[in-house]
Amino acid sequence: MGSAALYHLARRGVAAVGIEQFKIGHALGSSHGFSRIFRDIYYDPLYVELAEAAIPLWQELDSLSRETLMRFTGLLYFARPGNEVIQKSIGVMEALKRPIEQLTAQEAAARFPPLRLPEDTAACFTSQAGLLNVGLCVLAHLEQAERHGATIHQETSVQRIDLSHDAPVIHTSAGEIRCERLIISPGPFAPQVLQELALPLCVTRQQEFYFLPKQRASYRPGELPVFGDVDTEFYGFPDFGPGLKTADDGLGPETSATEVDRTLDLGKRDQLHQWVESILPDIGFSYLQGATCMYTVTPDKDFLIGPHPQNPNVIVAAGFSGHGFKFSPLMGKILADLAADGATQYPIEQFRLGRFDTASEA
Ligand SMILES: Cc1cc2nc3c(=O)[nH]c(=O)nc-3n(C[C@H](O)[C@H](O)[C@H](O)COP(=O)(O)OP(=O)(O)OC[C@H]3O[C@@H](n4cnc5c(N)ncnc54)[C@H](O)[C@@H]3O)c2cc1C
């Protein structure tokens with residue numbers, strides 16, 4: 001979110017400065033690795049609208065980058081008949097007149113030959129979906145931000161923020177920075193960086209695993225979409241180079257960004273392995289690697305975006321609840337709007353910071 005905001009500020013001509021505690025490209029937050037799902041299908045129409053608004057921004061960034069950032073592979077969701085989440089999501093897409101196809105297990109296998117879903121599965125497919133090469137996306141935003149004149153301080157830790165003046169003062173490991181406006185988007189470090197707000201955030205440990213299919217050509221984008229089992233919350237990506245990735249979207253153990261245990265849970269790896277083999281029976285793959293990441297989850301899984309209650313020149317962005325990356329260029333644009341203009345045209349009322357604070361909301 002920070003890299004996207006930096007880019008959108010810089011392209012407006014703002015003298016923008018980005019501060020990152022680790023080396024650029026690090027794997028200690030929530031935006032590293034090779035893939036994140038982009039999808040327009042959601043159970044809440046707000047996110048369908050925001051996902052659509054993010055597409056041209058991704059396409060623009062993709063065209064500016066030397067690398068392929070986004071691949072529209074389509075997304076196949078499936079579940080046992082009657083699954084509420086899938087039914088509601090299909091209902092929302094139909095009500096909004098957005099393209100969504102409902103498929104039987106046989107129809108899914110005819111379209112994607114490696115897939116063998118259980119016979120009574122209800123599946124739906126959206127073509128406005130695919131994968132984002134997450135690590136490269138962050139680098140692309142930063143590269144474009146610098147091209148527009150932004151300054152980036154990496155390996156510089158924010159230790160304290162003085163909010164008492166109109167112009168906030170940031171105390172960092174490399175000295176003080178005074179700024180007119182400040183955007184704080186600390187990902188899973190939000191409970192520490194924004195301690196004074198006592199935001200209701202739960203940081204969870206999530207792990208993802210990569211496998212190498214025997215016949216790689218059969219599991220590439222085009223042959224296989226991004227796929228997700230809404231009952232188990234397991235999902236997977238076609239192999240576009242780094243191997244076939246699979247992960248569990250269910251919340252992992254609660255942790256903190258400073259203490260997270262990065263030991264790989266081989267029990268989870270084996271569960272995911274079995275799940276993939278159950279729906280891709282010919283895959284015969286070998287294990288490549290795993291990685292640890294964190295979700296920063298709000299009680300309603302909606303994001304937290306808005307002015308800091310103690311200083312309106314400070315904008316907070318946190319709690320992306322394990323589904324924020326697909327929106328990051330749009331969030332960057334919104335954060336730049338809020339910081340530079342004090343308002344945005346996008347509907348972000350649902351993300352207001354005070355919504356869990358019944359006293360201040362009354
Ligand atoms: C395994 C996994 C799978 C996911 N899958 C998807 C998906 O398929 N689709 C999707 O849309 N989303 C997905 N997400 C969620 C998405 O990746 C996150 O919502 C998003 O990356 C969060 O970005 P962020 O900028 O808030 O946090 P981060 O990327 O962690 O950025 C915060 C940055 O702030 C820096 N920072 C923090 N404190 C300080 C400090 N004191 N001083 C200086 N710098 C500081 C950190 O070092 C970090 O670089 C997934 C997340 C995980 C973990």
Side-chain angles (χ1 to χ4, degrees), residues 1-6 17-40 42 47 50-51 54 58 70 75 129-135 137-138 141-142 152-161 170-174 177 183-195 201 203-210 226-228 233 235-237 245-252 255-258 260 268 272 290-298 301 303-305 316-332 335:
M1 304 304 163
S3 60
L6 193 69
V17 176
I19 307 173
E20 167 55 52
Q21 62 186 339
F22 302 126
K23 255 194 186 331
I24 299 303
H26 70 87
L28 301 169
S30 298
S31 307
H32 53 278
F34 301 102
S35 49
R36 292 288 184 271
I37 298 177
F38 181 89
R39 62 182 158 104
D40 63 347
Y42 259 95
Y47 290 104
L50 295 178
W58 279 123
M70 187 175 202
L75 168 77
L131 61 90
L132 293 158
N133 193 327
V134 50
C137 292
V138 173
H141 268 134
L142 292 176
I152 299 170
H153 298 298
Q154 52 179 320
E155 296 184 278
T156 302
S157 165
V158 173
Q159 293 164 339
R160 190 167 66 82
I161 303 169
I170 310 162
H171 298 266
T172 79
S173 51
I177 300 178
I183 295 169
I184 308 179
S185 60
F189 296 86
Q192 287 85 22
V193 176
L194 295 163
Q195 201 173 3
L201 294 172
V203 175
T204 62
R205 184 187 76 166
Q206 308 294 136
Q207 294 190 328
E208 47 188 34
F209 299 94
Y210 291 84
V226 176
F227 50 97
E233 300 188 89
Y235 63 98
F237 293 82
K245 175 179 133 177
T246 173
D248 180 356
D249 189 39
L251 296 185
T255 184
S256 81
T258 46
V260 60
K268 177 64 74 184
L272 288 161
T292 301
C293 187
M294 284 164 283
Y295 284 178
T296 309
V297 186
T298 64
K301 294 202 173 172
F303 312 150
L304 285 165
I305 298 176
V316 170
F320 288 95
S321 301
H323 66 117
F325 195 80
K326 66 182 74 56
F327 305 104
S328 54
L330 181 66
M331 292 302 135
L335 292 170

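Note that ligands are numbered from 1 as they come in the structure, with each ligand's atoms numbered from 1 the same way.
- With hydrogens and angles ignored, the 3.5 Å screen pairs a side-chain donor or acceptor of Lys245 with a backbone N or O of Ser35.
- Residue contacts with ligand 1 do not include Leu132, since none of its heavy atoms lies under 4.0 Å from the ligand.
- Closest to atom 1 (C) of ligand 1 among all protein heavy atoms lies Glu208 OE1, 3.5 Å.
- The distance criterion of under 3.5 Å between nitrogen or oxygen atoms is not met by Phe237 with respect to ligand 1.
- Atoms of ligand 1 found under 4.0 Å from any heavy atom of Met294, numbered from 1 in the order shown, are 53 (C).
- Every atom of ligand 1 is numbered from 1 in the order shown, and the set under 4.0 Å from a heavy atom of Phe320 is 19 (O), 26 (O).
- For ligand 1, the polar-atom distance check against Phe325 finds a nitrogen or oxygen pair separated by under 3.5 Å.
- Note: an N/O pair closer than 3.5 Å links Ile37 and ligand 1 by distance alone.
- Across Ala129 and Arg39, no two heavy atoms sit closer than the pair CB-CA, 3.8 Å.
- Of the listed options Pro188, Ser30, Ser157, Gly332, Ser30 places a heavy atom closest to atom 22 (C) of ligand 1.
- The side chain to side chain contact (heavy atoms under 4.5 Å, CB included) test with Glu155 singles out one residue from Gln21, His26, Lys23, and that residue is Lys23.
- Within ligand 1, the atoms closer than 4.0 Å to a non-hydrogen atom of Phe22 are 47 (O), numbered from 1 in the order shown.
- Counting all heavy atoms, side chain and backbone alike, Val260 lies closest to Arg205 at CG2-CG, 3.8 Å.
- In this structure, the ring of Tyr47 has its center less than 6.0 angstrom from the ring center of Phe327.
- The closest protein non-hydrogen atom to atom 43 (C) of ligand 1 is Gln21 N, 3.2 Å.
- Taking all atoms of both residues into account, the shortest heavy-atom contact from Val17 to His153 is CG1-CD2, 3.4 Å.
- Taking each heavy atom of Ala51 and Phe38 in turn, the nearest pair found is O-CZ, 3.3 Å.
- Phe237 and Phe34 have their aromatic ring centers separated by at least 6.0 angstrom.
- Of all protein heavy atoms, the one lying nearest to atom 27 (O) of ligand 1 is Gly187 CA, 3.2 Å.
- At least one heavy atom of His26 sits less than 4.0 Å from an atom of ligand 1.
- For the pair Lys326 and ligand 1, the shortest N or O to N or O distance falls below 3.5 Å.
- Each of the following atoms of ligand 1 lies closer than 4.0 Å to a heavy atom of Thr156: 43 (C).
- Heavy atoms only, all atoms of each residue included: Tyr42 and His323 are closest at OH-ND1, 2.6 Å.
- The ligand atoms of ligand 1 that sit less than 4.0 angstrom from a heavy atom of Val193 are 38 (N), 41 (N).
- Scanning both residues, Leu201 and Ala190, for their nearest heavy atoms gives CD1-CB, 3.6 Å.
- In terms of N/O distances under 3.5 Å, ligand 1 is not approached by Tyr295.
- Ligand 1 places these atoms under 4.0 Å from at least one heavy atom of Tyr235: 3 (C), 5 (N).
- To the nearest 0.5 Å, the span separating CE on Met1 from CD1 on Ile305 amounts to 7.5 Å.
- With His32 contributing its side chain and Thr292 its backbone, the two residues share a donor-acceptor pair below 3.5 Å.
- Looking at atom 6 (C) of ligand 1, its nearest protein heavy atom turns out to be Arg36 CD, 3.1 Å.
- Side chain of Ser328 to main chain of Lys326: no donor-acceptor pair is present (N/O by atom type, distance under 3.5 Å, no hydrogens or angles).
- The shortest N/O to N/O separation between Glu20 and ligand 1 falls below 3.5 Å.
- Remark: ligand 1 and Val158 share an N or O pair separated by less than 3.5 Å (distance only, no angle test).
- The main-chain N or O of Met294 is found under 3.5 Å from a side-chain atom of Ser30 such that the two form a donor-acceptor pair.
- Formation of a donor-acceptor pair under 3.5 Å by the Ser321 side chain with backbone atoms of Thr298 is found in this model.
- At the shortest separation from atom 24 (P) of ligand 1 among protein heavy atoms lies Met1 CG, 3.8 Å.
- In terms of protein heavy-atom proximity, atom 14 (N) of ligand 1 is closest to Gly322 O, 3.4 Å.
- With atom 32 (C) of ligand 1 as the reference point, the heavy atom nearest to it among Ser185, Gly228, Gly29, Gly2 is part of Ser185.
- Given atom 53 (C) of ligand 1, the protein heavy atom at minimum distance is Cys293 SG, 2.2 Å.
- With a 4.0 Å cut-off on non-hydrogen atoms, Val138 does not touch ligand 1 at all.
- At the shortest separation from atom 20 (C) of ligand 1 among protein heavy atoms lies Ser31 OG, 3.8 Å.
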